[in-house]
Every structure is written in structure tokens, then in C-alpha cells.
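A short write-up of the structure that comes next.
Within every chain, numbering begins at 1; the chains are lettered A, B, ... in the order of the sequence lines, protein sequences first and strands thereafter.
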Amino acid sequence: MRSIEVISYILTVAPAFMAYYLASLGQGFFEKSGVLNLAIDGVFVLGIAVGYAAGVYSGNPWVGLLAAMAAAVLFGMMLAYVTTKFPISHGAAGLSIMFLGYGLAGLIGVTARSTYNRLVASGIYPQYTLPTSPTARILMFVIPVLVGILFYLIETRTKLGAAIRAVGENPHAATALGVDVIKIRLIAALIGYSLIGAGSMGFLTWIATWSEGAGVNHGWIAYAISLAAGRHPILTIGTAGAFAALATYMFALQAAYNLSPEIAKMIPFIVAIGAMVAFMATPLRKKLAPPLSLGKRFFKEERTV
Amino acid sequence: MVLVKRIKPLPLGGILIPLLSIVIGILISTIILYVIVGASPIITLSCVVSSLISPEIVLTFLFLTILGVALLVAFSGSIWNIGAEGQLWLGTAAAAYVALFTTLPQAPIVAKIVMVLLAMVLGGAWAAVAGILRAYLNIDEVPVTLIMNYIAYYVINYLVRGPWLGKETWGYIRTDMIPDQVKFVLIPGSTTITYEVLILAVLTIALTYFMLKYTALGLRIRILGSNPDALKAAGVNVRALIITALAISGAIAGAMGAAQLAGYLHRISYPIESHTANYGYTAILVAWLSMLDIRAIPIAAYIVSALYQAGISMQIAGVSGASATYVFIGTVLLTFTVLRVFSEYTIKIVRR
């Protein structure tokens, strides 16, 4: 195989990589603050629909990006707020936002698609083409990786990063040290979920258009990617790249190596469980174990009167 | 403003709070549907009300009752099994295996029993994997059970596309129809409800009620939810208990999977993720709304199945029923998750 072919194969993975990596980076960053994030799939799906709708109505994909990020942030901050302010189950709150995200995505997407079809039929709407030039695809790799390095630095070198980790490990101790738990978790949701929203928009550059159910289960793949890398921004580059390639070449792999696409779809989830076991049972746990208070209720009991 | 723990739980909170959440959730959904797709609130509300008396909800009601009980067993022990979806589909696959690839269907009664039992074994074993990881490595069961749902989907997809692909499928990717003699028997006058599913639902509730209320195992599971340290101090094997609770939960979900195949679907179609009714996820709302009281499970299942049907019957301008259903379920679940705090806490205004 000539090297130019190898490069073109790699570049084809770019849209999937951008979508998965940004979303899983945001997922890992948010969960570091101790909120179990089961809303990701619903919000990811919602981000795709909102991004598509805003793009259609405004005629500008960048407006779509901003709208997708804003919608994701809204729901992410809602999750962070209710799970921190009230003694409620992170899982139940996350799953209800997931359901809501699926539902809203269907409603918004269907409305936007019929508008789009009408505009195109009346001939006043420009047809967009996806950015497929090599330069655009290289940027789809480079920009997310740069963002990932920035996040690694934020997590390890800044006060904010230290505060987020402290809140995720032990929110009560963090409070005693003067950290405002709810503020830190809201900031983590703001930053993390804006990446998840950006990932949704990245997904649109991969699948090109919205249809009913677009993106369902892909949020969970981002979830598995983040788990498999122990929520580490740099390691996530590897898992995101591997699983993006797997998703992109699912059918080619079947033709070439007789690997069933069903097995290919299963691999990220099996690897994620394997990684969770490894991060709990081996010395890797020092670096990659989940935050101690992940999913635990944080609530300061007031004295009963 | 602070939350203060009540001395006693809110009187009648177990009834008032779920009902209030359902009403508020439906109102929020009505507003959402009006704002985004312009669905008339009158139509939305009349869809909800007419679903409450629609005969179409009975099958969903029975399935959600069984699954609600399955989840209740785990939830009672504070084990958050959100993998009922995968466990039930493995049950469906187990039943399909017995019905399609063994000689048992020649003895229909034996075959039906084996279908349900094998489904329970497989569903239980699938859930027990998460139980083992939780018990021995302290890995949170929530992500594990959730992820295993998708592994289950793809395992079954693999089987249906590959070795189990039917001969008479008219171009669809699906298994053959299961033999007529192992299909569950329809109740006269109904097109969906079968005697066996009814029996299964009644048995599930009765046996689980007995198990939780009158056996040592049930007592231990309930204590596991409130005070696991007391169990350790009393010398109970907590690891085995966690695995058992998850296995029972998965086994009941598996039984429902067998009932879904023999009573309604009669074949498995590819891909699962687009053919599933998502009962495994919807049942989380049922178990949750029951406030973990098994007597309230049928009531919760009734209301949730009505909401489920209301979404499907909406049919607004190209919007699929699934979207409206998700909006209903999402808003009710979110409202309830927040409001149930107030059965044990009250808001107090304090000046700082």
C-alpha cells in the first residue's frame, strides 16, 4: 500500500474522530467533577438536532455549532445543578434528561427538516457540501487534539483543574477547604458540555444530514471511549482514534477480514468494561480510577428543627 | 433557602408526589409540544386521557409491570440495575433458541416452560456479571449494566444476521417465525394479550412480594439498601447478596423477554436497537415512580403505559410517536426525581 493511500485512509476517519473525541473529552472533564453523566447520549442527539435546525434556519453552519453547544450546556448545567443541590440519584436525573433529549431532538429535527426541504424545493436555499478537502480533514484532527492538550493542562496545571478534581474526589472535604462545590460543578458542566455539543456538530460533518434517530447510541460510544481511557485527555486521543476508525471502516473490515460489523460495534463497549476492571484491579488505579465520589449524593444535612 | 429533613416523611407523600409529578410532567410536555411543533394542547391532553382507557395499553402495562418488579428487586438493595433492556433481550434470544433450534416444541408445554426458564437463566447470568464486578472490584454497576445493554443488542444482531437468519424472511433480516404450538395462547377477544403473559405477571408480583416480605433473602436485600454495614457486622456474605439481587432482577427481566417473543413478537428482527420498544429503560420510570413499594408497581406501570401510548397516538405532522413518548417520559421522570426529595425534606427560608 502506498503511503498516500494510507494517509487518505487515515484522513477519512477525521469527522468521526472529531465527533467522538470532542464529546468524550467533555464527558471525561465533566465526570471528573463527580457527577455521573448518563445524560450524554440524549444531549448528544439533541445537539445534533439543534445544530442542524439552527444551521437550516440561519443558513450558517457556525451558528449551528454555537446553538448545539448552547443547548448541550443548558442541559448539562441543569444536570449538575439538580444533582448537587438536591439529594437525588445522579442516574435517574441523567436518564430523565437523556429521554428528554431524545424527545426534543425528534421534535426539533423533524420541524427543521421539513423547513429545509421546502426551502430547497423553492430553490432559494444554497446546497452545502461537506468539508472533504485534505486540509479541512487535517484540521479536524489537529484542532481537537490541541483542545485535548489544553484540557490536559487545565486539569493538571490550573487552580480550576485542582478544584474540579477535589470536588470529584471528596466534595465535603473540598467544601471545608473553601471550594464552592455547586459553582465548580456548574463550571465543569459549562466547559464539558460545550465540548459535547461541539462533538454533536462534528457528528453532522460525518453523517451530513439529520434523520430521525440521528446519533442515538453514538453518545454512549463517546461515553465508552472516555471510560476506556480512564477519563485522561491524552489517552482519550488513542481510544477515540481507534473506535472512530472502527466505526468508519466497519463495513470495509467485513469485506477484507470477514469481521462482522456487529462485533466491530461491540468492541468499544467490551474494551470499556475491560478498562474499568483494569483501572480498579491493577496498579493503573493510581492514575486512572474513577473519581471517588462519582455518582455519590452530595448533600449537607441541615439540623432537623 | 435550605433543605431541611422532615422528622417524619410527608404524610401521603407516597401517593401525592408521584401524582403531582405526573400532572406537572404532562403539563410541561404539553407546553413543549405546543411550542416546538405547534401541537394543540387540547389534542395532547385528550390523547393522554383517552390513552388511560385505551385497551391497547394492556400489553405494555403487563410487560412494564413485570419489568418494574424486576428493577424493584435490585433497587430495593440500592443496586441500580439499568440493564433490564439487555437482560430482557437476552431472554428473548434464549427463548428463540429453544423455539427454533431444538426439538422441544413437539411438546409445547415443556417447550414454553423451558423457554421461560432458559431466558431467566441467561438474563440472570448477564446481570450477575455486573454483580460480580460490583461485589469483588467495587465497580459501579450503573455504567456496567448500561454498557452491557449494547453488547447484548450486538450479540443478538450478530446471531440474527448470521447463524439464526431465517429461511422464509422475504428479504428482511430476521429469524423464522417460532412454531405455532409454542406461541402463547391469546385471550378470546384480544389480539395481543395471552394467558401465559397474564399468569407470568401475576406470578412475578406474588412471588417477589413474598420473597421481599417474608424471606430472609428479601429482608437482607432491603437492609442492603439502607444499612449494608449492619449486614457485614451480622456476618452476612454481602458479595453473594449483591450478585443474587442482580441475578434475580435479571432473571425476571429475562422471563419478560421470553414472554415478549412467545406472546407478541414471534420472531426477532434485525437490528434490535431499532425494533426494541425500550421497555427496559421505560421500566426504570415505573420502578422509580412506585417509590419502591411493590403494591404501587401496577399503578405506576398503568400510568407509564398510558403515557407511552399517548405519545404513539399523537401523530403530529410527521413527528414520530417515539419523540412525543420520550418527551412525556423524560419530563415526568425529571419532575419526579426532583419532587420526591420533598417527601423527606422540606424547604426552609433562612436569613444568613
*Considering only heavy atoms and a distance below 4.5 Å, find which of L333(B), I82(B), L285(B), N278(B) pairs most often with chain A.*
L333(B)

_Which atoms of P261(A) are under 4.5 Å from chain B, going by heavy atoms: the side chain, the backbone, both sets, or neither?_
side chain

_With a 4.5 angstrom heavy-atom cut-off, is it the side chain or the backbone of V82(A) that approaches chain B, or both, or neither?_
side chain

_Close side-chain approach of P271(B) and E262(A), heavy atoms under 4.5 Å_ = no

*asked:* Evaluate V110(A) against V37(B) for side chain to side chain contact (heavy atoms under 4.5 Å, CB included), listing each step before the verdict.
replied: CA-CA 9 Å; V110(A) 164; V37(B) 287; 5.9 Å; no

*Evaluate the criterion side chain to side chain contact (heavy atoms under 4.5 Å, CB included) for residue pair N149(B) and W220(A); output intermediate values, then yes/no.*
CA-CA 11 Å; N149(B) 289 341; W220(A) 291 130; over 6 Å; no

*Using a 4.5 Å cut-off on heavy atoms from C-beta on, say whether the side chain of L227(A) contacts that of P143(B).*
yes

*Given the rule in the side chain to side chain contact (heavy atoms under 4.5 Å, CB included) test, do M78(A) and L334(B) qualify, once you have shown the distances and angles that lead to the verdict?*
CA-CA 11 Å; M78(A) 185 155 87; L334(B) 189 61; 3.8 Å; yes

*Report yes if the side chains of L38(A) and V142(B) come closer than 4.5 Å at any heavy-atom pair, otherwise no.*
yes

_Interface moiety of I267(A) toward chain B, non-hydrogen atoms closer than 4.5 Å_ = neither

*Is there a side chain to side chain contact (heavy atoms under 4.5 Å, CB included) between Y281(B) and F99(A) once you walk through the steps?*
CA-CA 9 Å; Y281(B) 293 112; F99(A) 282 127; 3.6 Å; yes

*Toward chain A: residues of residues 152-163 of chain B with heavy atoms under 4.5 Å*: Y154(B), V155(B), N157(B), Y158(B), R161(B)

*Side-chain heavy atoms of V327(B) within contact of L107(A), under 4.5 Å*: yes

